[in-house]
2 protein chains.
Amino acid sequence: MKEELKKKLLASSKEYVDLYLPHISIDCVIFGFHNDCLKVLLVRLDGEKNWLLPGGFVEKGEDIFNAAHRILMHRTGASNIFLTQFKTYGAIRRSEDFFSEMPDDLFHKKRFVTIGYYALIDFTSLDPTIDTFSDACLWHNIEKFPKLGMDHQDIYKGAIMQLRRDLNYVPIGYNLLPEKFTMPQLQRLYEVILDKKLNRGNFYRRMMRYNILIKLNEKVTGFAHTSPNLYKFDPQQYQKALENGFQDSW
Amino acid sequence: MKEELKKKLLASSKEYVDLYLPHISIDCVIFGFHNDCLKVLLVRLDGEKNWLLPGGFVEKGEDIFNAAHRILMHRTGASNIFLTQFKTYGAIRRSEDFFSEMPDDLFHKKRFVTIGYYALIDFTSLDPTIDTFSDACLWHNIEKFPKLGMDHQDIYKGAIMQLRRDLNYVPIGYNLLPEKFTMPQLQRLYEVILDKKLNRGNFYRRMMRYNILIKLNEKVTGFAHTSPNLYKFDPQQYQKALENGFQDSW
């Protein structure tokens, strides 16, 4: 670990002890969709090789959901966010070893159980910012994903599994796509998340059955013959489906 | 709060501080199926009116999953358990107010973020036991559920929602039904969990498609004409489906 990072960690420890609950952290898997690729926002601590999920701690008088929102807002500047908890990770030594060179009373070196949240975010609205401890905060294409430090690879895998499951229950896309989009764009988003090709006709019928799309009287320009139709989400139906879920399959 | 419970809490506090991580607890929603009813195991603290979900704390050198297993084993004596995490609850004052009459340094009175697990358990194999702090540990039919203390009503609702979702992904029944069962018994279990009537033919076809059942050359005795067939789970196929999930619907 670089001397400068060590100094910064030591300098922050006292303030962190006063401000945050010990033993509980939050890690966020922030998904964005751009150029037909699903991307995840990763940070790199100053001078370190491995990338990490952006995370933070829970203030002593703060709900965990609010803490997750604050961490995300702080990191991305984005407020129009779909944010949902997926799993809590609590193996012993999942994070402690990373701080092995540091004194035992360092706030960060305690054992931490971390609550995983995933977020869906409009790629274009975003302004990723580094914090005191990091030297980089960048989007990474999930098809060329780097090695992550601590147990963050497991947490990332948990998020993508949950996102796949959630596709069956809640609408996904509002925070990931531009306001107007084509059916092939929406299908591509689903294919990237599910990591498989989908049948075009079946996908179309299923999406229309969900009753969350409005077909616009506009077409994409620049196509000679068969210009694709543009759609947008029906905000009320989308919200309803977010709250109540799609009809389940039983 | 009864004086005797206060004394017991005070007496345990020092030991708990040494043994357990502060601020993190585990609560378990333990489901059993008996006489066509879905039941949940609840405890009542000595002299209190409201029931609670059985729970406990995480030892300083223990994985959270192992902690959940230990808590469940201690409470029920059962080891053949389907146990899965569903959600972590961390609103401020979710549990603190319950201990308002107690001194501030009591271990239990700290702010706790609690990790919810649900368990499916063979009703008949079980021997619910009270601990030092409780005066009752009993099964409650979910159709006549009592009022729960703290935020345990929310935690229970989260568990039943997750169990319903999980029906689409993993086989449910092995730990809830006797070794041999009829298709109507299995259907009744699903209906109780989903809280709705299912079509008999559709249910049968879906179950057979999952390929987890073995039809036995035995029938239930005591029926004059149409004795129902008996089935059992195929342990290998069941295990495979538990690990890989059912084919998803996309």
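This one's a predicted model, so the numbers in the text were calculated from it and none came from an experiment. Throughout, a chain's letter reflects where its sequence line sits, starting with A, and its residues are numbered from 1.
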*Stepwise, does the side chain to side chain donor-acceptor pair (under 3.5 Å) test hold for A:Arg206 with A:Tyr210?*
CA-CA 6 Å; A:Arg206 185 158 175 168; A:Tyr210 286 158; 2.8 Å; yes
*Top contributor to chain B interface from A:Asn202, A:Ile115, A:Ile24 [non-hydrogen pairs under 4.5 Å]*: A:Ile24
_Test item: B:Gln187 side-chain N/O and B:Pro184 main-chain N/O as donor-acceptor pair under 3.5 Å_ = no
*With sequence neighbours left out, write down each residue that passes salt bridge (Lys or Arg N to Asp or Glu O under 4.0 Å) with A:Lys197, or none if nothing qualifies.*
A:Glu191
*Pick from B:Arg93, B:His23, B:Arg165 with the largest number of heavy-atom pairs that fall under 4.5 Å of chain A*: B:Arg165
_Best-contacting candidate, B:Lys60, B:Lys87, B:Arg94, B:Gln85, against chain A by heavy atom pairs under 4.5 angstrom_ = B:Gln85
Can you list, pair by pair, the side-chain donor-acceptor contacts under 3.5 Å of residues 28-39 of chain B, counting residues two or more places apart and other chains?
none

*asked:* The criterion is side-chain contact (heavy atoms from CB on, under 4.5 Å); which residues satisfy it with B:Glu143, sequence neighbours excluded?
replied: B:Asn141, B:Arg188
*Could you name the residues of residues 102-113 of chain A that have a heavy atom within less than 4.5 Å of a heavy atom in chain B?*
A:Arg111, A:Val113
*Look only at the side chain of A:Asp63 and the backbone of B:Ile92, and say whether a donor-acceptor pair between them is shorter than 3.5 Å.*
yes
*Counting distance only, does the side-chain N/O of B:Tyr117 pair as donor-acceptor with the main-chain N or O of B:Asp27 below 3.5 Å?*
no
*asked:* Is it the case that the side chain of B:Ser13 and the backbone of B:Leu10 share a donor-acceptor pair, with hydrogens and angles ignored and the cut-off at 3.5 Å?
replied: no
*B:Glu96, part contacting chain A, at a heavy-atom distance under 4.5 Å*: neither
*Is it the backbone or the side chain of B:Phe65 that comes under 4.5 Å from a heavy atom of chain A, or both, or neither?*
neither
